[in-house]
Asker: 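Sharing a structure with you now.
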Amino acid sequence: MIRKLRLKFVAVCMLLITVVLTGIFVSVHAVARSSIQRNSQAVLQRVITQDNRFADDQETLFGGNQVKLPYFTVELWGSHNTAYVTGGTYANLQDTEELAHILSECLAQNRTEGTIGRYHLRYLRMETPLYARIAFVDISAEEAAISNLVTSFFQIAFVTLAVLLVVTILLARWATRPVEKAWQQQYRFLADASHELKTPLTVILSNAELMRSQPLDPRLERWTDNIHSEATQMKALVEDMLTLARADNMGPSITFVSVSLSDLATDCALLFEPVAFEAGKALEDAITPDLTIQGDAKRLKQLISILLDNAVKYGREGTAIVLTLEKAERSARLTVANQGEPIPPEQLSRLFERFYRADVSRGEKKGFGLGLSIAAAIAQEHKGTLHAESDAASTRFIFTVPLKK
């Protein structure tokens, strides 16, 4: 649990950092691109409004700064059939194929201003009664600057994220240390309390059984039965709490072996068949043979027993409980279904919480709300999943676990 908490902490922190860095980059990129575009647009505004017919320098002055950008201007006469290069820093453009292609693309766009990507040019077009003047400016430097900015950002972002990942991992360990300490103390308390309670409960049960073996007054016999019944329930609760405490602290220390899930399901079906019959329900099974997984046979048998016991408790009398085991791609899927009152969707996700019980009107009221929590813990130990589905037809608990490779 602590490991998952740390992973969530790191994931959330890195997500927030990534969002912040992305926001900063987008803002800087937009500002830089706008600034660079304004420079080239200012050059176009200047050269299109002045006579550059005899100019040969690359300098344009605006905003108190000198910006040097290659440019040229063209005048189109006679319904755009005749073109003259009237100024700029490009040499030998007049009557060239490149100029014809540039003008063709520019006129095809039918816009006052725009870009010609193939030639890395930005243009500004001005119409007069006699001719059209078009100014072109080279934006290769602009595109290179934007490209360098993006490259620099990714390099900086990679280094920053790597450093912050290490820092976040260390911070997660420091931040979750009190939680880990509290969790360990809770585990020790549950384990110690369970052990301490088991001894007096065993003594109470032993004495109650000895008293029941002797002839007693009917009133004393009834009281003895009550003592025995309540002590038995208390012992079951203590054992469940101890099981959960061990599951929380055991982690990967369990030794898994090759186990036939088909045989375990069959054994549990045979075991619960008379139990279901006594409760007025039939137990049906459809078990695919020879499905083998890596796991702990005792724990897996406990999981199946919990699901069957839950179905017997909450299934409608006179209906059938169905145990199904089938192969699903690379996994084994075990389903226990019973007919009864459907569980509301808002309660389905809480069924596996400790001590949580759905509406007590659903059938019998015995139990402490720990069985499904134990089953979910066993499923997690085996790298499987356990979830519930419920509708008007039935309530289904589905356990999926990887097959042995």
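Here the structure is a predicted model, which means the values were calculated and not measured.
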Asker: Within this structure, what is the CE-OG1 distance for the pair M126 and T112, rounded to the nearest 0.5 Å?
Answerer: 11.5 Å

Asker: Sequence neighbours excluded, which residues qualify as side-chain hydrogen bond (donor to acceptor under 3.5 Å, both in side chains) partners of D138?
Answerer: Y90, S140

Asker: Identify all side-chain donor-acceptor contacts of residues 162-173 below 3.5 Å with residues at least two apart in sequence or on another chain.
Answerer:
from : atom 1 : to   : atom 2 : distance (Å)
T168 : OG1    : L164 : O      : 2.6

Asker: CG of L323 to CG of L307: how many Å apart, nearest 0.5 Å?
Answerer: 9.0 Å

Asker: How would you list all residue pairs meeting salt bridge (Lys or Arg N to Asp or Glu O under 4.0 Å) that involve residues 205-220, not counting sequence neighbours?
Answerer: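 Matches after skipping sequence neighbours: R212-D225.
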
Asker: Does L103 reach the side chain of L76, with side-chain heavy atoms less than 4.5 Å apart?
Answerer: yes

Asker: Please check: side-chain N/O of K281 versus main-chain N/O of G315, any donor-acceptor pairing under 3.5 Å?
Answerer: yes

Asker: Under a 4.5 Å cut-off applied to non-hydrogen side-chain atoms, are H228 and M211 in contact?
Answerer: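 No; the side chains remain at least 4.5 Å from each other.
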
Asker: Go through the steps to decide whether L403 and K327 satisfy the test side-chain contact (heavy atoms from CB on, under 4.5 Å), and finish with yes or no.
Answerer: CA-CA 9 Å; L403 288 169; K327 183 178 180 181; 3.8 Å; yes

Asker: Can you tell which of Y119, F72, Y71 makes a ring pair (Phe, Tyr, Trp, His ring centres under 6.0 Å) with F136?
Answerer: F72

Asker: On a heavy-atom basis, which atom in A388 and which in L348 lie closest, and how many Å separate them?
Answerer: CB-CD2, 3.9 Å

Asker: Write down the atom of T176, the atom of R6, and the distance for their closest heavy-atom approach.
Answerer: OG1-NE, 2.9 Å

Asker: Minimum heavy-atom separation for C106 and R125, please, with both atom names.
Answerer: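 Nearest heavy atoms, C106 then R125: O-NH1, 4.5 Å.
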
Asker: With a 4.5 Å cut-off on side-chain heavy atoms, are L283 and L308 touching?
Answerer: yes

Asker: Please answer whether the main-chain N or O of I306 pairs with a side-chain N or O of N310 as donor and acceptor at a distance below 3.5 Å.
Answerer: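 Answer holds: no.
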
Asker: How far apart are the C-alpha atoms of F397 and L372, what are their side-chain angles, what is the distance that settles it, and do they pass the side-chain contact (heavy atoms from CB on, under 4.5 Å) test?
Answerer: CA-CA 10 Å; F397 287 88; L372 291 177; 3.8 Å; yes

Asker: Evaluate the side-chain contact (heavy atoms from CB on, under 4.5 Å) criterion for residues L386 and I398: first the C-alpha distance (whole Å), next the side-chain angles of each, then the deciding distance (0.1 Å), finally the verdict.
Answerer: CA-CA 6 Å; L386 178 62; I398 303 170; 5.9 Å; no

Asker: Does a side-chain heavy-atom distance below 4.5 Å link E284 with I321?
Answerer: no

Asker: For K8, which residues count as a side-chain contact (heavy atoms from CB on, under 4.5 Å) partner, sequence neighbours excluded?
Answerer: none

Asker: Looking at H382 and D296, would you say the former's side chain and the latter's main chain have a donor-acceptor pair under 3.5 Å?
Answerer: yes

Asker: Kindly indicate whether the side chain of L270, heavy atoms from C-beta on, has any atom under 4.5 Å from the side chain of E273.
Answerer: yes

Asker: Please check: side-chain N/O of S390 versus main-chain N/O of T395, any donor-acceptor pairing under 3.5 Å?
Answerer: no

Asker: Taking only residues at least two apart or on different chains, which pairs with a member in residues 102-122 satisfy salt bridge (Lys or Arg N to Asp or Glu O under 4.0 Å)?
Answerer: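 For residues 102-122: E105-R118, R122-E142.
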
Asker: Side chains of T385 and F399: closer than 4.5 Å at any heavy-atom pair?
Answerer: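 They are not in contact (no side-chain heavy atoms under 4.5 Å apart), so the answer is no.
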
Asker: If the test is side-chain contact (heavy atoms from CB on, under 4.5 Å), which one of I116, V74, I134 qualifies with I102?
Answerer: I116

Asker: Would you tabulate the side-chain donor-acceptor contacts of residues 328-337 under 3.5 Å, counting partners in other chains and residues two or more places apart, or write 'none'?
Answerer:
from : atom 1 : to   : atom 2 : distance (Å)
R333 : NE     : E326 : OE2    : 3.3
R333 : NH2    : E326 : OE2    : 3.1

Asker: What closest approach, in Å, do A375 and L303 show between heavy atoms, and which atom pair accounts for it?
Answerer: O-CD1, 3.3 Å

Asker: In Å and rounded to the nearest 0.5 Å, what is the CD to CD1 distance from Q347 to I343?
Answerer: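 So the CD of Q347 and the CD1 of I343 are separated by 7.5 Å.
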
Asker: Filter on side chain to side chain donor-acceptor pair (under 3.5 Å), then keep only pairs touching residues 147-164, sequence neighbours left out; what's left?
Answerer: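 Not a single pair qualifies under side chain to side chain donor-acceptor pair (under 3.5 Å).
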
Asker: Rounded to the nearest 0.5 Å, what separates atom OG1 in T319 from atom CZ in R316?
Answerer: 6.5 Å

Asker: Would you say that V322 contacts D285 through its side chain, given a criterion of any heavy-atom pair below 4.5 Å between the two side chains?
Answerer: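 No, their side chains stay 4.5 Å or more apart.
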
Asker: Step through it carefully: locate the ring centre of H29, locate the ring centre of F153, and say whether they are under 6.0 Å apart.
Answerer: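 Here the rings of F153 and H29 have centres that are no less than 6.0 Å from each other.
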
Asker: For A279 versus V312, what's the shortest heavy-atom pair and its separation?
Answerer: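 Between these two residues, the closest heavy atoms are CB-CG1, 3.9 Å.
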
Asker: Identify, with sequence neighbours excluded, every residue that meets side-chain hydrogen bond (donor to acceptor under 3.5 Å, both in side chains) alongside Q109.
Answerer: Y123

Asker: Between I378 and Q302, is there a side-chain heavy-atom distance shorter than 4.5 Å?
Answerer: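 They are in side-chain contact.
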
Asker: Could you state the interatomic distance from CG (L205) to OG1 (T232), rounded to the nearest 0.5 Å?
Answerer: 4.5 Å

Asker: Counting neighbours of CD on E317 that are heavy atoms of other residues, nucleotides or ligands and sit closer than 6.0 Å, is the number greater than 12?
Answerer: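 No - once you tally the heavy atoms of other residues, nucleotides and ligands closer than 6.0 Å, there are 12 at most.
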
Asker: What residues form a salt bridge (Lys or Arg N to Asp or Glu O under 4.0 Å) with R396, not counting sequence neighbours?
Answerer: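 Checked R396 against salt bridge (Lys or Arg N to Asp or Glu O under 4.0 Å); matches are E389, D391.
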
Asker: Specify the closest pair of heavy atoms between A392 and P342, including all atoms of both residues, with the distance to one decimal.
Answerer: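 Closest heavy-atom pair between A392 and P342: N-CB, 4.4 Å.
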
Asker: Name the atoms and distances for all side-chain donor-acceptor pairs under 3.5 Å in residues 257-266, with sequence neighbours left out.
Answerer:
from : atom 1 : to   : atom 2 : distance (Å)
S258 : OG     : K404 : NZ     : 3.3
S260 : OG     : D263 : N      : 3.2
S260 : OG     : D263 : OD2    : 3.3
S262 : OG     : T288 : O      : 2.5
S262 : OG     : D290 : N      : 3.3
S262 : OG     : L291 : N      : 3.0
T266 : OG1    : S262 : O      : 2.9

Asker: Just how far is it from atom CD of E381 to atom CZ of R299, taken to the nearest 0.5 Å?
Answerer: 4.0 Å

Asker: Under the rule for side-chain hydrogen bond (donor to acceptor under 3.5 Å, both in side chains), what residues qualify as partners of T324, not counting sequence neighbours?
Answerer: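 side-chain hydrogen bond (donor to acceptor under 3.5 Å, both in side chains) list for T324, sorted by chain: empty.
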
Asker: I'd like to know if the side chain of S373 and the backbone of E353 have a donor-acceptor N/O pair within less than 3.5 Å.
Answerer: yes

Asker: Using the side-chain contact (heavy atoms from CB on, under 4.5 Å) rule, take I293 and F256 through it: C-alpha gap first, then chi angles, then the decisive distance, then the call.
Answerer: CA-CA 9 Å; I293 65 171; F256 287 166; over 6 Å; no

Asker: For S34, which residues count as a side-chain hydrogen bond (donor to acceptor under 3.5 Å, both in side chains) partner, sequence neighbours excluded?
Answerer: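 S34 satisfies side-chain hydrogen bond (donor to acceptor under 3.5 Å, both in side chains) with R38 once adjacent residues are dropped.
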
